[in-house]
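Read the structure below first, then the notes.
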Amino acid sequence: MRKIFLMLALVLASTAAMAQSTRIIKGAVVDKNGNPLPGATVEATNGAESTTVDADGTFSLEVSRWLNTATARYAGMRKKTLEVQDGDMVFRLSPNVQNCWFVNAVGGLAILDSDDYYDFIDDYTYTIGVMGGYLGKWGGYAKLLWTPDSETAVPVVTIGVTKRVFPFMYAYTGAGYANVTYKEPTGWSKYRTFNDNAAAFDLGAIFLIGNHLTANVGMSLVSDFSTNNYFFQAGIGYAF
C-alpha cells in the first residue's frame with residue numbers, strides 16, 4: 001500500500017512540476033486599424049511552440065514559463081515580437097514596406113567615348129551620385145551622377161518612373177540632361193577632351209531588402225547621337 005501511495009505522490013509531484021514549468025499566453029493579432037488577422041501565427045521566439053490565430057483574431061498558446069518573448073507573423077505584414085506578459089498580448093502588425101520613399105547612394109563605372117579611329121584611348125573612370133524617389137505600384141525617382149575627375153566630369157541628371165514588378169522589386173526608366181565627354185586625338189598618344197550637350201537615358205531595377213534596406217542596379221546611356229558615354233551603377237540606401 002505504501003508503494004501505491006508513493007507512486008501516486010510522485011505522479012502528482014511530477015504533474016505539479018510540469019504545470020509550474022509552463023504557462024498559457026493569450027491575446028489577439030490585428031492590423032494597425034484593429035481588424036483581426038485570422039490565420040496569423042503566434043510562436044514562442046526561438047522555440048517550437050506555435051499556434052494559428054482564430055477567426056476572431058484571438059489566440060491561446062501554452063509555452064515554457066521561462067519564455068521572454070513571442071512573435072506574430074502574417075503574410076504581407078511585418079512580423080512583430082512582444083515581451084510575454086500575464087494579461088492579453090495584442091500584436092498590431094503593419095504592412096511590409098512596399099509603398100515608401102527611398103534614398104540611395106550610388107557608385108559605378110563610367111566609360112567615356114573617343115574618336116572611333118582611336119578607340120584605344122577610351123577612358124574608364126568611376127562615377128558617384130545619389131538617387132531617391134517614391135516606390136509604389138507606380139512611382140517616380142530622380143538621380144544625379146557625376147565623375148569626380150575634373151578632366152572628365154560628366155554630370156548626369158535624370159528623372160523617371162518606377163513600376164512594381166514583384167513585392168520586393170521595382171523596375172525604373174527615365175531620361176534627362178547630361179554633358180557628354182569625349183576625346184579627340186591631336187597626335188600619337190595625345191588628345192584633348194571635349195564636352196557637349198547630350199541626352200541621358202536610364203534603365204534598371206530597385207530592390208527592397210528586409211523592411212528598410214534598398215539596393216539598385218542599372219545603366220545610363222549619355223548620348224549626343226554621335227558620341228556615347230555609358231554609366232553602370234549600383235547603390236544601397238534606406239526606405240522610409
Side-chain angles (χ1 to χ4, degrees), residues 98-209 213-240:
Q98 295 180 355
N99 299 338
C100 58
W101 295 90
F102 79 99
V103 59
N104 281 14
V106 180
L109 173 69
I111 302 176
L112 310 180
D113 205 357
S114 71
D115 183 274
D116 290 341
Y117 186 72
Y118 290 87
D119 281 341
F120 64 87
I121 63 171
D122 282 7
D123 195 21
Y124 297 83
T125 187
Y126 66 96
T127 181
I128 59 175
V130 63
M131 179 180 187
Y134 179 76
L135 299 177
K137 184 176 180 180
W138 288 94
Y141 77 95
K143 183 171 64 175
L144 171 66
L145 295 175
W146 70 91
T147 55
D149 183 348
S150 60
E151 180 187 4
T152 58
V154 187
V156 179
V157 180
T158 55
I159 60 174
V161 297
T162 64
K163 175 68 171 71
R164 182 184 298 152
V165 180
F166 301 106
F168 60 89
M169 177 182 172
Y170 303 77
Y172 73 84
T173 185
Y177 169 81
N179 211 257
V180 70
T181 296
Y182 61 96
K183 295 182 177 182
E184 181 181 85
T186 59
W188 183 256
S189 297
K190 295 181 180 180
Y191 56 87
R192 55 182 176 174
T193 301
F194 290 87
N195 294 290
D196 195 8
N197 293 329
F201 306 94
D202 281 342
L203 185 64
I206 303 165
F207 301 90
L208 279 177
I209 306 171
L213 185 65
T214 60
N216 70 279
V217 293
M219 185 195 80
S220 300
L221 168 65
V222 175
S223 176
D224 64 358
F225 303 103
S226 62
T227 300
N228 299 321
N229 291 173
Y230 302 91
F231 290 75
F232 300 93
Q233 320 116 44
I236 192 167
Y238 185 79
F240 52 93

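Only heavy atoms go into these numbers, but all of them, side chains included; no hydrogens, no water, no symmetry mates. Everything quoted here is computed from the prediction, not taken from an experiment. The first residue of the sequence shown is numbered 1, and numbering continues consecutively from there.
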Roughly how far, to the nearest 0.5 Å, is [atom2] of [Y] from [atom1] of [X]?
X: Asp224; Y: Asn229; atom1: CG; atom2: CG; value: 8.5 Å
X: Ile206; Y: Tyr172; atom1: CD1; atom2: OH; value: 6.5 Å
X: Leu109; Y: Thr125; atom1: CG; atom2: OG1; value: 8.0 Å

State, yes or no, whether a side-chain contact exists between [X] and [Y] at a heavy-atom distance under 4.5 Å.
X: Leu221; Y: Phe231; value: no
X: Phe207; Y: Val217; value: yes
X: Pro155; Y: Thr147; value: no
X: Lys143; Y: Ile159; value: no

Distance-minimising heavy-atom pair for [X] and [Y]:
X: Val156; Y: Ala178; answer: CG2-CB, 3.9 Å
X: Cys100; Y: Phe240; answer: CB-O, 3.4 Å
X: Ser223; Y: Asn228; answer: OG-OD1, 2.6 Å
X: Ala239; Y: Thr214; answer: CB-CG2, 3.6 Å

>> Before you tell me yes or no, could you show the steps for Ser220 and Leu145 under side-chain contact (heavy atoms from CB on, under 4.5 Å), namely the whole-Å CA-CA distance, both residues' side-chain angles and the distance that decides it to 0.1 Å?
In response: CA-CA 10 Å; Ser220 300; Leu145 295 175; 4.1 Å; yes
>> Applying salt bridge (Lys or Arg N to Asp or Glu O under 4.0 Å) as the test, list every pair that has at least one member in residues 214-223; sequence neighbours left out.
In response: none
> For Thr173, which residues count as a side chain to side chain donor-acceptor pair (under 3.5 Å) partner, sequence neighbours excluded?
Replying inline: none
>> side-chain contact (heavy atoms from CB on, under 4.5 Å) for Phe168 and Ile209? Distances and angles first, verdict last.
In response: CA-CA 7 Å; Phe168 60 89; Ile209 306 171; over 6 Å; no
> Would Asn216 and Tyr170 count as a side-chain hydrogen bond (donor to acceptor under 3.5 Å, both in side chains) if you check the C-alpha gap in whole Å, the side-chain angles of each, and the deciding distance to 0.1 Å?
Replying inline: CA-CA 9 Å; Asn216 70 279; Tyr170 303 77; over 6 Å; no
> Do any N or O atoms from the side chain of Thr127 and from the backbone of Trp146 form a donor-acceptor pair under 3.5 angstrom?
Replying inline: yes
I'd like a table of donor-acceptor pairs (distance under 3.5 Å, sequence neighbours excluded) in which one partner is a side-chain atom from residues 128-141, with atom names and distances.
from   : atom 1 : to     : atom 2 : distance (Å)
Tyr141 : OH     : Gly174 : N      : 3.2
Tyr141 : OH     : Asp202 : OD2    : 2.9

> Any luck finding a side-chain donor-acceptor pair between Tyr238 and Asn104 under 3.5 Å?
Replying inline: no
> Got more than 12 heavy atoms from elsewhere within 6.0 Å of CZ, Phe166?
Replying inline: no
